[in-house]
Amino acid sequence: MALLTPDDLRDINKQLQEADSIVRRVTGLDIKGICKTLYGTSPNSEKIGIVPVTAGNGIIKNFSASLHAITQYFGFDSFVTDMSDVSGYYEAVRSGADIILMADDHTFLAHNLKNGKIANNQPSTGIIYAEIASRNQKTDSKDVLVVGLGKVGFPGAVHLVHKGFRVYGYDTDKTLLKRAVSSLGIIPFDIESPKRFSTIFEATPCANTIPETLLSENCVLSTPGIPCAISEELRLKYNVQLVMEPLGIGTASMLYSVL
Ligand SMILES: NC(=O)C1=CN([C@@H]2O[C@H](COP(=O)(O)OP(=O)(O)OC[C@H]3O[C@@H](n4cnc5c(N)ncnc54)[C@H](O)[C@@H]3O)[C@@H](O)[C@H]2O)C=CC1
Ligand SMILES: NCCC[C@@H](N)C(=O)NCCCC[C@H](N)C(=O)O
């Protein structure tokens, strides 16, 4: 898995505020509104315990602090434990946490200790970015391009199919593309073909995965992928409505899904 870097998380509050205003412009709802609609849930004073985890590549500088800022941005009462790992988990529970947030190099989870619900960041992220793409107010087309059909992209493609969109899918991994075509009935897309889209959902760990030939004026590109799927030059040239943020939107999706 591509791991976050401290630089990805720089000015996380500013990144989240900017992403929220673009989500509002694109969908008419803010991120909270998207989560409420998606899961039918609302916060009810849940207390969130954030537990740093030293496993694998270890602590990512600012990861826990970013989660603290993100949970507070969405109105939750949250704290970061002093201890890490098992001791930190124990500290969180003893301090009255209702929901645990913690991540190693493979799994980032939200676990609601009160109702038993548990969420994984990858599908939760795919679903919310796909939902944002599906609410593009500037088009009535039901066509959507999905680039990247992995642990984030595939759940997002499932969500778009369930919402009745005509999903064109592309992945450099032909096995994953075949899996998505056979299991979801999506349309395999040739990245070289010059079909322009008003709505694109991208979830890859590569830069510049969306060629200019696929962009239309004012199109929406909803992408959790790091680094960005298009250049700044193309974003400006086509006035692309870019919904992209490194941690907060996916975390909000996890939290609302376990309320
Ligand atoms: N912003 C956020 O909140 C989050 C961001 N991410 C990021 O999302 C991205 C995807 O994560 P995962 O789905 O877990 O990774 P993954 O490795 O499971 O899936 C990525 C997929 O992209 C495909 N791919 C790679 N290069 C491609 C290209 N040029 N064109 C088309 N497909 C290509 C791969 O074959 C793979 O199937 C990563 O950059 C990850 O860091 C992940 C979770 C949350
Ligand atoms: N963008 C959300 C998905 C994050 C994921 N790509 C990642 O970097 N996971 C590793 C997190 C490791 C955190 C670390 N164990 C800590 O607790 O500081």
Side-chain angles (χ1 to χ4, degrees), residues 1-6 8-9 12-13 15-16 19-20 30-129 131 150-152 154-156 159 203 224 226 245-259:
M1 175 197 294
L3 300 183
L4 280 167
T5 68
D8 293 329
L9 299 174
I12 193 67
N13 265 312
Q15 291 194 66
L16 196 46
D20 215 354
D30 62 7
I31 297 165
K32 268 187 186 175
I34 295 281
C35 290
K36 284 177 181 172
T37 310
L38 199 46
Y39 299 110
T41 58
S42 284
N44 182 18
S45 313
E46 287 82 3
K47 193 171 181 184
I48 298 175
I50 298 158
V51 183
V53 173
T54 61
N57 284 279
I59 300 284
I60 295 177
K61 190 170 176 296
N62 296 339
F63 180 76
S64 291
S66 297
L67 289 179
H68 193 206
I70 288 159
T71 48
Q72 297 202 319
Y73 178 88
F74 288 110
F76 291 97
D77 174 18
S78 63
F79 63 97
V80 179
T81 57
D82 295 328
M83 303 294 282
S84 61
D85 305 309
V86 175
S87 303
Y89 186 95
Y90 183 79
E91 180 187 340
V93 176
R94 297 283 291 178
S95 303
D98 300 302
I99 297 172
I100 301 289
L101 273 182
M102 62 182 181
D104 63 16
D105 292 350
H106 307 283
T107 302
F108 172 20
L109 66 82
H111 185 201
N112 187 326
L113 304 177
K114 300 299 181 261
N115 63 20
K117 290 183 183 178
I118 191 162
N120 179 303
N121 175 259
Q122 287 153 330
S124 296
T125 298
I127 289 164
I128 193 166
Y129 276 86
E131 176 69 11
K151 294 182 282 300
V152 172
F154 185 82
H159 185 66
I226 303 172
E245 187 274 341
L247 185 59
I249 295 175
T251 301
S253 179
M254 294 165 78
L255 291 172
Y256 274 75
S257 77
V258 300
L259 293 179

So, taking the atom named CD1 in Ile100 and the one named NE2 in His111, what distance separates them when rounded to the nearest 0.5 Å? 8.5 Å
Nearest 0.5 Å please: distance from the CD1 atom of Ile70 over to the CD atom of Gln15. 9.0 Å
Tell me if a side-chain donor or acceptor on Asp85 pairs with a main-chain N or O of Thr54 at a distance below 3.5 Å. yes
Rounded distance [0.5 Å steps], NE2 in His68 versus CD1 in Ile12: 14.0 Å
Between the OG atom in Ser124 and the CD1 atom in Ile249, the distance rounded to the nearest 0.5 Å is 13.0 Å
Take Phe108 and Leu67 through the side chain to side chain contact (heavy atoms under 4.5 Å, CB included) test and state the conclusion after the steps. CA-CA 11 Å; Phe108 172 20; Leu67 289 179; 3.7 Å; yes
If I compare all heavy atoms of Thr125 with all of Pro224, which pair ends up nearest, and what's the gap? CG2-CB, 3.5 Å
For Lys61, I'd like to know if atom NZ has over 12 heavy atoms of other residues, nucleotides or ligands within 6.0 Å. no
Got Pro52 and Val80 here, is their nearest side-chain heavy-atom distance under 4.5 Å? yes
Interatomic distance, Phe76 atom CZ to Asp98 atom CG [nearest 0.5 angstrom]: 10.5 Å
Heavy-atom check, side chain of Tyr73 versus side chain of Asp20, under 4.5 Å: yes
When rounded to the nearest 0.5 angstrom, what distance separates OG1 in Thr41 from CG in Asn44? 11.0 Å
Can you find a pair of side-chain heavy atoms, one from Ile99 and one from Thr71, that are under 4.5 Å apart? no
All heavy atoms of Ser66 vs all of Leu9, minimum pair found to be OG-CB, 3.6 Å
Check: Thr81/Tyr90 side-chain N/O donor and acceptor closer than 3.5 Å: no
Between Val51 and Ser84, which heavy-atom pair has the shortest distance, and what is it? CG1-C, 4.4 Å
Residues Ile128, Tyr256; criterion side chain to side chain contact (heavy atoms under 4.5 Å, CB included); working and verdict: CA-CA 11 Å; Ile128 193 166; Tyr256 274 75; over 6 Å; no
Which heavy atom of Lys36 sits nearest to which heavy atom of Ser42, and what is that distance? CE-OG, 3.6 Å
Are the side chains of Thr5 and Ile226 in contact, using a 4.5 Å heavy-atom criterion? no
Between His159 and Leu38, does the side chain to side chain contact (heavy atoms under 4.5 Å, CB included) criterion hold? Intermediate values first, please. CA-CA 11 Å; His159 185 66; Leu38 199 46; 3.6 Å; yes
Minimal heavy-atom distance between Pro43 and Leu259, with the atoms involved, is N-CD1, 3.6 Å
Which atom of Val53 lies closest to which atom of Met102, heavy atoms considered: CG2-CB, 3.9 Å
Side chain to side chain contact (heavy atoms under 4.5 Å, CB included), that's the test. Do Lys117 and Ser257 meet it? Break it down for me. CA-CA 8 Å; Lys117 290 183 183 178; Ser257 77; over 6 Å; no
